[in-house]
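Shown next, in structure tokens, is the structure this report addresses.
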There are 2 protein chains.
Amino acid sequence: MNDSIKPTDSELEILQHIWEFGPSTVRQINEALSAKREIGYTTTLKLMQIMASKGILVVDKSERTHIYQAVLKQEETQQQLVDQFLEAAFGGSAKKLVMQVLGNKKPGKRELEEIKVLIAKLEGGES
Amino acid sequence: MNDSIKPTDSELEILQHIWEFGPSTVRQINEALSAKREIGYTTTLKLMQIMASKGILVVDKSERTHIYQAVLKQEETQQQLVDQFLEAAFGGSAKKLVMQVLGNKKPGKRELEEIKVLIAKLEGGES
DNA sequence: TAAAAACTACGAAACTTTTCGTAATAAATG
DNA sequence: CATTTATTACGAAAAGTTTCGTAGTTTTTA
């Protein structure tokens with residue numbers, strides 16, 4: 001049931017690009033990564049091939065230029081990542097993580113409003 | 001200035017024990033870890049020695065049984081971890097992370113209250 | 001005091017991740 | 001059509017992480 005994945009940091013960089021721009025080619029991703037740091041084309045290719053073999057990405061090979069897309073939805077993956085991070089870094093306490101983030105990253109007024117709305121909803125929809 | 005560390009998952013398990021119980025011996029930590037998973041004593045020892053060599057832990061060798069403690073405060077380390085995680089998994093958006101955590105972990109009423117208090121403080125202390 | 005238990009040190013194996021070079025092939029270009 | 005460019009496949013090196021065995025000491029125990 002619990003096929004919890006564990007993308008590495010490099011893999012997350014790739015996922016983030018796919019989340020933002022949709023199914024992508026090796027070249028597109030390599031160009032995005034190259035903007036941030038030096039990385040060879042075949043390095044990116046290999047990373048993506050490994051991600052496919054792990055079942056993180058799925059490949060469309062119908063054309064010569066392969067197209068990679070994510071198997072899981074962004075939200076599913078992020079949820080797993082949050083769960084793992086919460087456990088590893090905050091002993092599982094969601095409250096501590098939220099307080100830490102709010103206290104130190106200081107979101108703007110508008111974002112705080114959205115968060116308050118969500119909290120109100122959570123308190124209203126009493127479980 | 002920015003000596004950003006990157007503890008591995010094993011290292012975080014060890015840090016969490018030290019955060020909770022204070023400076024510890026290898027035996028104490030090994031017993032805690034052993035409760036969760038199988039791990040040999042010398043494995044734990046080696047991990048802690050490596051953490052010391054990386055500057056994550058500092059060792060008191062004045063007695064035969066060495067005592068290890070964390071170099072950075074829990075909050076400092078967690079802040080760095082949050083920063084890195086935010087960047088790697090949520091493209092740096094604190095709001096998205098908070099919304100995701102609140103939405104899926106559903107903290108209890110009391111915890112939500114604490115969070116609201118913090119938000120009120122953040123909104124009051126207008127920047 | 002002899003044997004057992006507790007510790008540290010150290011090397012190295014097994015894995016994983018990251019990186020890239022080389023080769024083979026297909027497509028585009030001059 | 002010959003050459004350059006784009007693409008995938010593959011192997012392997014380099015670096016980092018995790019694991020543990022063995023050896024050498026010191027301490028405790030029978």
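Letters A, B, ... mirror the listed sequences (proteins, then strands); counts begin at 1.
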Please report the distance, rounded to the nearest Å, between NZ in A:Lys46 and C1' in D:dA13.
12 Å
Distance check needed: C:dA9 P versus B:Leu47 CG, whole Å only.
15 Å
Across all chains, not counting sequence neighbours, the side-chain hydrogen bond (donor to acceptor under 3.5 Å, both in side chains) partners of A:Lys116 are B:Glu123
Please identify each residue that fulfils side chain to side chain contact (heavy atoms under 4.5 Å, CB included) with A:Ile67, with sequence neighbours left out.
A:Pro23, A:Thr25, A:Asp60
Answer yes or no: does a side-chain N or O of A:Gln49 lie under 4.0 Å from OP1 or OP2 of D:dA9?
yes
From the candidates D:dC20, C:dT19, C:dT18, the one with an atom nearest any side-chain atom of B:Thr43 is D:dC20
Using a heavy-atom cut-off of 4.0 Å across all strands, would you classify B:Ser10 as base, sugar-phosphate, or nothing?
sugar-phosphate
Find the distance A:Glu11:CD to C:dT17:P and express it as a whole number of Å.
7 Å
Using a 4.0 Å heavy-atom cut-off across all strands, classify A:Thr65 as base, sugar-phosphate, or nothing.
sugar-phosphate
Walk along nucleotides 22-29 of chain C from 5' to 3' and tag each nucleotide B, S or - by protein heavy-atom contact under 4.0 Å, base first, then sugar-phosphate.
B--BBS--
Nearest atoms (heavy-atom pairs only) where B:Ile5 meets B:Gln84
O-NE2, 2.9 Å
Specify the residues of residues 15-38 of chain A, ordered by number, for which at least one heavy atom lies under 4.0 angstrom from an atom of DNA chain D.
A:Val26, A:Arg27
Residues that B:His66 engages under side chain to side chain contact (heavy atoms under 4.5 Å, CB included), provided they are two or more places apart
B:Val59, B:Lys61, B:Tyr68
Is any side-chain heavy atom of B:Leu45 closer than 4.5 Å to a side-chain heavy atom of B:Gln49?
yes
Quick one: side-chain hydrogen bond (donor to acceptor under 3.5 Å, both in side chains) partners of A:Thr44, sequence neighbours excluded?
A:Asn30
B:Glu13 has an atom CD; how far is it from atom C1' of D:dT17, in whole Å?
13 Å
Please identify each residue that fulfils side-chain hydrogen bond (donor to acceptor under 3.5 Å, both in side chains) with A:Glu113, with sequence neighbours left out.
none
Between residues 50-61 of chain A and DNA chain D, which residues have a heavy-atom gap below 4.0 Å?
A:Lys61
Residues in side chain to side chain contact (heavy atoms under 4.5 Å, CB included) with A:Glu87, at least two apart?
none
Could you check whether atom NZ of B:Lys96 has more than 12 heavy atoms from other residues, nucleotides or ligands sitting under 6.0 Å from it?
no
Using the test side chain to side chain contact (heavy atoms under 4.5 Å, CB included), find all partners of B:Phe85 that sit at least two apart in sequence or belong to another chain.
A:Leu81, A:Val82, A:Phe85, B:Ala89, B:Phe90, B:Leu97
For B:Lys6, give me all partners under side-chain hydrogen bond (donor to acceptor under 3.5 Å, both in side chains), at least two apart in sequence or on another chain.
A:Asp9
Separation of C:dT17 P from A:Ile5 CD1 (nearest whole Å)
12 Å
Taking atom C1' of D:dT18 as reference, at what distance in whole Å does atom CD1 of B:Ile39 sit?
8 Å
C:dT19, OP1 or OP2 - any side-chain N/O from A:Tyr41 closer than 4.0 Å?
no
Send over the distance from B:Leu12 CG to D:dT18 P, rounded to a whole Å.
10 Å
What pairs meet the salt bridge (charged side-chain N to carboxylate O under 4.0 Å, His left out) rule with one or both residues in residues 29-57 of chain A, with sequence neighbours excluded?
A:Glu11-A:Lys54, A:Glu13-A:Arg37
Taking CD1 from A:Ile14 and C1' from C:dT18, how many angstroms apart are they, rounded to a whole number?
11 Å
